[in-house]
Protein chains: 2
Amino acid sequence: MARNTDKRREELRERLVTIAEAQVRASGLGSLRARALAGEAGCAVGAIYNVFDDMTGLILAVNGRTFRHLGAFVSDVVDARQDTGPTDRMITIAFAYLRFASDNPTLWRALFGVKMSADRDVPAWYLDELGRLFSIISTPLSEVYPQADASEIDLKTRALFSSVHGIVALGLERRISGVPQDRIEMMIEYIIRNVTSRS
Amino acid sequence: MARNTDKRREELRERLVTIAEAQVRASGLGSLRARALAGEAGCAVGAIYNVFDDMTGLILAVNGRTFRHLGAFVSDVVDARQDTGPTDRMITIAFAYLRFASDNPTLWRALFGVKMSADRDVPAWYLDELGRLFSIISTPLSEVYPQADASEIDLKTRALFSSVHGIVALGLERRISGVPQDRIEMMIEYIIRNVTSRS
DNA sequence: CTAGTCAAATGAACGTCGTTCATGGAGGCC
DNA sequence: GGCCTCCATGAACGACGTTCATTTGACTAG
């Protein structure tokens, strides 16, 4: 019995994540509805709660996919430019981050827009994926600062990632600032080139 | 008749904003409830809609206050250090921004966490307040780049504001990165000092 | 002072949401 | 084949923002 049941649960889980991902991509995090989801998946609303703790758990699963796609995309882009210097490679990474956010705005925003009840805490793989992103940045950064220890590299990595993230986040938020994409790229390059060209 | 009515509306409006502000401060944007608000204000739920278009309008009013408080706080702090150089003044501004966000995390987060239906657009005073913040930064920045034109200053201002905003936002988000406050300050100083010490 | 008028205040009702739980039925075990 | 267990089910629940028919009360005209 266990075998058949587990398989069905796993299939339903994947189907729900796929449908939810499409919904978030199309209309944003706020448009997810348990009933619509169950309807599209061909199951009862209650079935969702046999597979996920709650809607937040489902969103976290969607974000897990997005994190992997983002990491793979950025890695691929920078791997194709391993011959360039560390500063140019960091700019490449940041542009790829901007590109992903710009191409998948709703999915990308969902990464940082999950509301979690206080008791629930972030799954370990969430921080793992963020660490993987950090490590993509810290590699060229270590070349810029060959004598820096791990703690210093970690601080500079977080600082640069957060800076680029802020530029992308506010730049894409048309409501607040609304800046053309090429000007966002100019801002990113301005920060990274000036920061990493100095010791 | 009009006089008395308008006065009561204005009083109710202010009372509602004050109560909502306290509620957001205490428990965050997501804890605002129309019924609880009406209960505390001593009015009917429907009365809220005689004064505001909807809950989003009320939140925007709260954010308006927060924007003014933030602007006044940052201005006061930097005004007390007008004797220092432009780079040090920019670090002072950024530290003040961090301090405000850290002291009023829920109100500060509400500034960027409002959900608005697509048709509604940002009130003009919202962008005005943001422009006021920008101008606080662009003043010392113009001293760093005396030969830069307005468009270039605008781009660098947005880039630096967004960078600091990103560092503060991700640094305070204990869920995602969670960094001690002094390390956040180190990140800010790292970015600003390196960016503005170069041409 | 009284009657009339009309906008503003009211709160029950509505539609929708995430979540739960008693129930019915499908599927493994003897 | 009969029993029993366990899971899918979807109606029900409580809470939410918002609406609207009704009541209220302030102001004016006579």
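By convention in this document, chain letters (A, B, ...) are assigned in the order of the sequence lines, proteins followed by strands, and residues within each chain are numbered from 1. Note: hydrogens, waters and symmetry copies are ignored here, and every other heavy atom, side chains too, is used. Just so you know, these numbers come straight off a predicted model, no measurement behind them.
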In residues 13-20 of chain B, what residues come within less than 4.0 Å of DNA chain D, judged by heavy atoms?
none

With sequence neighbours excluded, tell me which residues meet salt bridge (charged side-chain N to carboxylate O under 4.0 Å, His left out) with R132(B).
E129(B)

Taking only residues two or more places apart in sequence or in another chain, which ones pass side chain to side chain contact (heavy atoms under 4.5 Å, CB included) with S138(A)?
S135(A), I153(A), T157(A)

Can you measure L12(A) atom CG to dT9(D) atom P for me and round it to whole angstrom units?
9 Å

Which residue pairs pass the side chain to side chain donor-acceptor pair (under 3.5 Å) test with at least one member in residues 88-99 of chain B, sequence neighbours excluded?
D88(B)-R193(B), R89(B)-E143(B), Y97(B)-W108(B), Y97(B)-H165(B), R99(B)-D103(B)

Of T66(B), N104(B), T106(B), which is the lone residue that meets side-chain hydrogen bond (donor to acceptor under 3.5 Å, both in side chains) with R25(B)?
N104(B)

With a 3.5 Å distance limit and no angle check, can you tell me whether N63(B) reaches the backbone of A110(B) through a side-chain donor-acceptor pair?
yes

Under 3.5 Å, is there a donor-acceptor pair between the side chain of S102(B) and the main chain of L98(B)?
no

With sequence neighbours left out, write down each residue that passes side chain to side chain donor-acceptor pair (under 3.5 Å) with S27(A), or none if nothing qualifies.
none

Count the heavy atoms belonging to other residues, nucleotides or ligands that lie under 6.0 Å from CD of Q181(B), then report whether that count exceeds 12.
yes

With sequence neighbours excluded, what pairs up with E152(A) under the salt bridge (charged side-chain N to carboxylate O under 4.0 Å, His left out) test?
K156(A)

Terminal axis angle for the helix from dC1(C)-dG30(D) to dC30(C)-dG1(D), five pairs an end, nearest 10 degrees
20°

Using a strict heavy-atom distance below 4.0 Å, which residues from residues 45-63 of chain B are in contact with DNA chain C?
V45(B), G46(B), A47(B), N50(B)

Among all residues two or more places apart in sequence or in another chain, which pass the side chain to side chain contact (heavy atoms under 4.5 Å, CB included) test with I136(B)?
V74(B), S75(B), V78(B), I93(B), L133(B)

Which salt bridge (Lys or Arg N to Asp or Glu O under 4.0 Å) pairs, counting each pair once, include a residue from residues 57-79 of chain A, with sequence neighbours left out?
E21(A)-R65(A)

Parallel, tilted or perpendicular: ring planes of F73(B) versus F100(B), cut at 30 and 60 degrees:
tilted

Expected list for residues 35-60 of chain A: side-chain donor-acceptor pairs under 3.5 angstrom, two or more places apart:
from: D53(A); atom 1: OD2; to: R120(A); atom 2: NH1; distance (Å): 3.4
from: D54(A); atom 1: OD1; to: T56(A); atom 2: N; distance (Å): 3.2
from: D54(A); atom 1: OD1; to: G57(A); atom 2: N; distance (Å): 3.1

Separation of dC7(D) P from E11(A) CD (nearest whole Å):
17 Å

Where along residues 27-44 of chain B does a heavy atom fall under 4.0 Å from DNA chain D?
L32(B), R33(B), A34(B), R35(B)

Rounded to the nearest angstrom, tell me the gap between atom CD in E10(B) and atom C1' in dA9(C).
17 Å

